[in-house]
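Residue numbers start at 1 and run along the sequence shown.
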Amino acid sequence: MIRHFLTLATLLATSLLAAPALAEAPVQQIQATLARPAQMCGRFDQTKQLTGIKKPLQSNGRFCVIAGRGILWQALQPFPNTLRITRDAIQQMQDGRVAMKLDAQQEPVVKMINSVLFSLLAGDLSQLDALFALDGQISNGHWKVALKARQPALARAIGDITLEGGAYVERVLMQEASGDRTDIVFSDIKTGAGAMTAAEGALFD
């Protein structure tokens, strides 16, 4: 269960707010292409291929990102599930209440992941450069960047990640050390005050 939460948290940390991490690619070009809104919501469609299982696992739902506050990841299909990621914790929400909490002070891996997340939010490229080897390219407004974790513990937690997009991150591919593969596509992205519903906003309070 804990590994499941950490995997989702990592995907969000490395995809939805990946603009600063792209600075090792053609810096001016990619950062000029990417938008960095204070608030962003949209749809995700996730396909996970597990080693030894022919049929992939598919899920979809909504995500919201608020700079400086955190990320909301709401799976709608096949089963409802809500995760809220803040500076201090990864929380599973049910009926607007915290059902499970992984505290960054108690779980070293959570602390590492949340450190990456908020480094991305703050644009702390020095820390990101220490954690990831980056390789990127851009052509006609579309970019692609590969992130390879430098630290063995982080590599075991998230594997290798490839990001693709234009104004926003549109696709994330993650290849785990176990052979499992996760593909997430983001769409219907909206920004600004109207991007998030009142119910979603309440989950951040």
Side-chain angles (χ1 to χ4, degrees), residues 1-21 37-48 50 57-124 127-128 130-132 147 149 151-159 161 169 172 174 176-178 180 182 184 186 195-205:
M1 185 69 72
I2 289 178
R3 177 174 174 78
H4 173 69
F5 292 154
L6 296 183
T7 299
L8 287 174
T10 304
L11 285 169
L12 289 165
T14 53
S15 62
L16 304 182
L17 297 174
Q39 184 169 298
M40 175 175 66
C41 295
R43 174 190 171 98
F44 73 84
D45 289 273
Q46 176 177 301
T47 302
K48 188 173 183 69
L50 301 176
L57 305 177
Q58 297 183 324
S59 62
N60 63 68
R62 274 180 58 82
F63 70 92
C64 286
V65 180
I66 301 181
R69 296 187 64 184
I71 294 171
L72 189 67
W73 181 268
Q74 299 184 91
L76 302 177
Q77 300 291 336
F79 306 106
N81 183 55
T82 299
L83 293 179
R84 184 176 67 186
I85 304 167
T86 63
R87 183 179 298 277
D88 300 320
I90 300 171
Q91 300 172 326
Q92 182 185 29
M93 310 293 293
Q94 289 183 349
D95 299 323
R97 298 181 179 181
V98 178
M100 179 177 290
K101 180 178 180 179
L102 300 178
D103 195 297
Q105 295 182 352
Q106 299 175 357
E107 295 283 348
V109 179
V110 174
K111 184 176 181 180
M112 179 188 296
I113 290 172
N114 285 10
S115 177
V116 172
L117 169 60
F118 285 95
S119 292
L120 289 165
L121 283 165
D124 185 356
Q127 181 170 340
L128 293 171
L131 292 175
F132 295 99
L147 290 81
Q151 300 181 11
L154 189 58
R156 286 193 297 269
I158 67 176
I161 297 173
V169 175
V172 178
M174 186 177 79
E176 299 182 48
S178 64
D180 295 348
T182 302
I184 302 180
F186 300 99
M196 188 166 52
T197 67
E200 290 166 341
L203 292 175
F204 278 103
D205 295 335

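- The aromatic rings of Phe63 and Phe186 sit perpendicular to each other, their planes meeting at more than 60°, with 30° as the lower class boundary.
- The structure places CD of Gln46 at 10.0 Å from CD of Gln58, a figure rounded to the nearest 0.5 Å.
- Contact record, Asp103 with Ala89: CA-CB, 4.4 Å, taken as the closest heavy-atom pair.
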Worked verdict on Asp45 versus Thr47 for side chain to side chain contact (heavy atoms under 4.5 Å, CB included): CA-CA 7 Å; Asp45 289 273; Thr47 302; over 6 Å; no

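- Within the model, atoms CD1 of Ile66 and CE of Met196 stand 3.5 Å from one another, a figure rounded to the nearest 0.5 Å.
- Phe79 is not listed as a side-chain neighbour of Ser59, based on a closest heavy-atom distance of 4.5 Å or more.
- For the side-chain contact (heavy atoms from CB on, under 4.5 Å) test, residues two or more places apart in sequence or in another chain that qualify with Leu50 are Lys48, Ile53, Leu57, Asp180.
- In this structure Glu200 satisfies the side chain to side chain donor-acceptor pair (under 3.5 Å) test together with Arg62, Gln74, Thr197, sequence neighbours excluded.
- Interatomic distance, CD of Gln91 versus CG of Leu83, reported as 10.0 Å (0.5 Å rounding).
- Closest heavy-atom contact between Gln92 and Asn81: NE2-OD1, 2.8 Å.
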